[in-house]
Amino acid sequence: MPPLSTQPYKGTRDFFPADMRFREAMFAVMHRVVRKYGFDEIDAPIVEPIDIYLAKTSEEIVGQQIYAFVDRGERRVAIRPEMTPTVARMVAARFHETPKPIRWYSIPNVWRYEQPGKGRLREHWQLNCDIFGAASERLADLEILNLAVDLLKGYGATHTHFRVYVSHRGILNGVLGDELKLPQEKWPAVARIMDKKAKLKNDAYTAMLDAEGVTPAQQKELDLFLSEKIDYLKQKPQIEGASYIIEMLESVADLGLADFIEYDPSVVRGFDYYTGLVFEVFDAHPENRRSLFGGGRYNNLVGAFGKETLNAVGFGMGDVTLEVFLRTHKLLGDQPRNVDLYIALMDDALGGHALALANKLRARGLSVEVSLGAGKLGKQFQEAEKKGIARVVIVGENEAASGVYAVKTLATGEQVALKAEEI
RNA sequence: GCGGUCGUAGCUCAGCUGGUAGAGCACAGGUUUGUGGCACCUGGUGUCGCGGGUUCAAUCCCCGUCGAUCGCCCCA
């Protein structure tokens with residue numbers, strides 16, 4: 001048998017201590033910020049019946065990107081490609097007993113079978129924040145946007161680092177259907193072309209629209225829609241979602257978030273379950289102009305699990321894109337270890353004494369690493385330094401006998417004699 | 001899924017149209033045994049990503065494969 005590979009499965013990562021420290025630092029900000037908004041944390045199994053994705057997740061994800069298998073009991077199951085259907089399921093399960101509005105968050109790992117690339121892997125962790133059953137959907141949407149901005153601000157980001165683009169599901173439908181009178185089966189392709197407009201040359205763009213059978217008159221209207229942005233909506237109040245977006249932006253300005261949030265007609269989002277607000281957060285860095293995360297309103301998902309329905313809005317923020325963002329802008333870097341003391345040992349016979357001393361110090365809240373085998377003192381200093389520990393307590397015969405320990409601060413070389421209670 | 005680049009010691013990499021491999025850093029030990037970060041000495045490893053082919057001979061050439069990375073497709 002050939003030696004086994006030490007590589008993790010394609011598109012996944014091992015988290016060695018340094019990676020784990022970084023991840024935990026990212027998560028810590030998430031927990032801190034989200035809890036300030038009164039969100040409760042939840043978790044759920046990584047495997048779900050595949051049915052919960054079939055109806056409402058995008059066809060692309062279910063058809064090509066889902067990890068699915070049949071279990072020993074012939075059940076068709078899937079490894080979760082996203083958390084939202086699970087959250088909706090849990091809300092439906094405790095529908096009556098949970099006070100509304102429900103604010104829940106989670107940081108699950110989710111899996112998609114896709115081509116790994118920068119900022120894209122097969123397994124990633126995703127902060128999910130959702131609000132269910134708000135009496136005012138507008139206020140819930142506003143709070144979710146506010147939270148999304150606040151999260152990135154929690155890492156020290158400002159409006160120069162990122163921008164939130166909002167739109168409404170009804171707008172695109174209204175423009176393509178009611179204004180342009182395009183048949184519904186053309187909408188996805190046209191939306192895709194619009195989304196790519198910025199990357200395309202003008203003639204390539206028109207050529208693609210021509211190929212979809214979009215007439216010059218329709219293209220002209222489309223151009224107006226894309227270029228005049230909010231003014232276009234003001235001229236067409238009959239479009240579903242137009243007045244909603246106009247008013248939303250006013251509320252955003254009142255909240256002092258005008259620098260962070262703007263309307264962008266090309267925001268679409270892939271999930272089929274969105275029903276209203278959709279938004280996407282983009283990195284503003286010229287070399288990392290990519291979508292960081294997004295979300296929107298999905299009012300019909302909870303109803304799929306029972307008689308009762310509940311309006312909902314939320315977003316999912318992935319750790320891979322977030323890490324690229326944070327490192328690109330130098331907002332979060334490598335995290336140091338956090339151990340207070342290293343106990344150096346002069347002789348293995350003093351090991352018991354050292355372990356007991358460590359326990360005393362731990363009881364006072366300090367974190368302590370004990371040398372698990374005496375060596376040259378100099379080596380032990382080096383070991384402590386490499387482990388990122390600032391101070392060393394020396395346990396030798398004199399110390400063990402007197403209960404007064406030499407405590408050395410490595411960075412300065414200063415050394416003082418302290419009793420255990422004084423360390 | 002398609003195309004480019006890449007894969008050599010733990011890490012970063014070198015290796016001149018093919019002759020069984022090297023540097024720096026890191027690591028271990030020592031310069032004499034209760035005080036490190038400097039300096040010096042010594043030391044080791046590599047199935048040269050994996051599999052196959054061509055050749056007297058392959059790290060080098062060819063094919064395949066796995067993985068990473070960049071771009072495209074797709075998408076969040």
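Reminder, nothing fancy here: chain letters follow the sequence lines and each chain counts from 1.
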- Item | Integer angstrom distance from the P of C25(B) to that of C62(B) | 35 Å
- Message: Suppose we define a pair by two distances each less than 3.5 Å, Watson-Crick or G-U wobble; what does C61(B) pair with here?
- Response: G53(B)
- Item | Interatomic distance, K387(A) NZ vs G37(B) C1' [rounded to whole Å] | 18 Å
- Query: Considering Watson-Crick and G-U wobble pairs with both distances under 3.5 Å, what does A39(B) pair with?
  - Reply: U31(B)
- Task: Starting from P on G37(B), measure out to NZ on K408(A) and report it in whole angstrom.
- Result: 10 Å
- Message: Under 3.5 Å, is there any donor-acceptor pair linking the side chain of Q415(A) to the base of U35(B)?
- Response: yes
- Round to the nearest Å and state the distance from Y405(A) atom OH to U35(B) atom C1'. 18 Å
- Task: Hey, which sits more toward the 5' end of RNA chain B by its nearest nucleotide, Y113(A) or G396(A)?
- Result: Y113(A)
- Close side-chain approach of V70(A) and V77(A), heavy atoms under 4.5 Å: no
- Note on the structure: To the nearest angstrom, the CG-C1' distance between N398(A) and U35(B) comes to 14 Å
- Whole-angstrom distance between C27(B) and G10(B), as gauged at atom C1': 8 Å
- Message: Can you tell me which residue among L180(A), L226(A), V214(A), T215(A) is in a side-chain contact (heavy atoms from CB on, under 4.5 Å) with E221(A)?
- Response: L180(A)
- Pick base, sugar-phosphate or nothing for K376(A), based on heavy-atom distances below 4.0 Å to the nucleic acid. sugar-phosphate
- How long is the line joining CD of E114(A) and P of C2(B), in whole Å? 16 Å
- Query: Touch check for Q126(A), heavy atoms < 4.0 angstrom, all strands: base, sugar-phosphate only, or nothing?
  - Reply: nothing
- Item | Closest nucleotide among G34(B), G29(B), G36(B) to the L377(A) side chain | G34(B)
- Query: Regarding Y67(A) and R112(A), is there a side-chain donor-to-acceptor distance under 3.5 Å anywhere?
  - Reply: no
- Which part of the nucleic acid, if any, lies within reach of E397(A) when heavy atoms closer than 4.0 Å are counted: base, sugar-phosphate only, or nothing? base
- Item | Rounded distance in Å between the C1' positions of C48(B) and G43(B) | 22 Å
- Which nucleotide in the set G37(B), G29(B), G34(B) lies at the smallest distance from any side-chain heavy atom of E385(A)? G37(B)
- For atom P, what is the distance between C41(B) and U35(B), given to the nearest Å? 24 Å
- Message: Counting C-beta onward and ignoring hydrogens, is there a side-chain heavy-atom pair between V267(A) and F279(A) closer than 4.5 Å?
- Response: no
- Message: In whole Å, I'd like the distance from the CD1 atom of I193(A) to the C1' atom of C75(B).
- Response: 16 Å
- Look at R192(A) and C75(B) and indicate whether a side-chain polar atom (N or O) is within less than 4.0 Å of OP1 or OP2. yes
- U33(B) P sits how many Å from D348(A) CG, rounded? 19 Å
- For the ring pair H31(A) and Y105(A), is the centre-to-centre distance below 6.0 Å? yes
- Between G34(B), C74(B), G36(B), which one does the side chain of L410(A) approach most closely? G36(B)
- Could you tell me whether F282(A) and Y165(A) have their ring centroids closer than 6.0 angstrom? yes
- Using only heavy-atom distances, determine whether the side chains of S371(A) and E383(A) contain a donor-acceptor pair under 3.5 Å. no
- How would you list all residue pairs meeting salt bridge (Lys or Arg N to Asp or Glu O under 4.0 Å) that involve residues 327-344 of chain A, not counting sequence neighbours? E323(A)-R327(A), R327(A)-D334(A), R337(A)-E369(A)
- Query: In the strands shown, is G67(B) matched to any nucleotide by a Watson-Crick or G-U wobble pair with both distances under 3.5 Å, and which?
  - Reply: C6(B)
- Message: If you apply the rule salt bridge (Lys or Arg N to Asp or Glu O under 4.0 Å), what do you find for K408(A) with E414(A), and how did you get there?
- Response: CA-CA 6 Å; K408(A) 177 159 178 150; E414(A) 281 178 79; over 6 Å; no
Please write out each protein N/O paired with an N/O of nucleotides 68-72 of chain B under 3.5 Å, distance rounded to 0.1 Å.
residue	atom	partner	partner atom	Å
A68(B)	OP1	G11(A)	N	3.2
C70(B)	OP2	K118(A)	N	3.3

- Write down the distance separating the P atoms in G15(B) and U8(B), rounded off to the nearest Å. 14 Å
- Item | Pairwise C1' distance for G7(B) and C11(B), with rounding to whole Å | 15 Å
- Task: Rounded off to whole Å, could you give me the CG-to-C1' distance for the L292(A) and C75(B) pair?
- Result: 15 Å
- Query: Less than 6.0 Å separating the ring centroids of F162(A) and F260(A)?
  - Reply: yes
- Regarding the side chain of Q382(A), the nearest nucleotide among G37(B), C75(B), G34(B) is G37(B)
- Message: Taking only the P atom of each, what is the distance from U59(B) to U47(B) in whole angstrom?
- Response: 13 Å
- Item | Atom C1', compared across U12(B) and U31(B): separation rounded to whole Å | 30 Å
- Message: Regarding G318(A), tell me which of base, sugar-phosphate or nothing describes its non-hydrogen contacts under 4.0 Å with the strands shown.
- Response: nothing
- Can you tell me the pairing partner of C48(B) across any strand shown, Watson-Crick or G-U wobble, with both distances under 3.5 angstrom? none
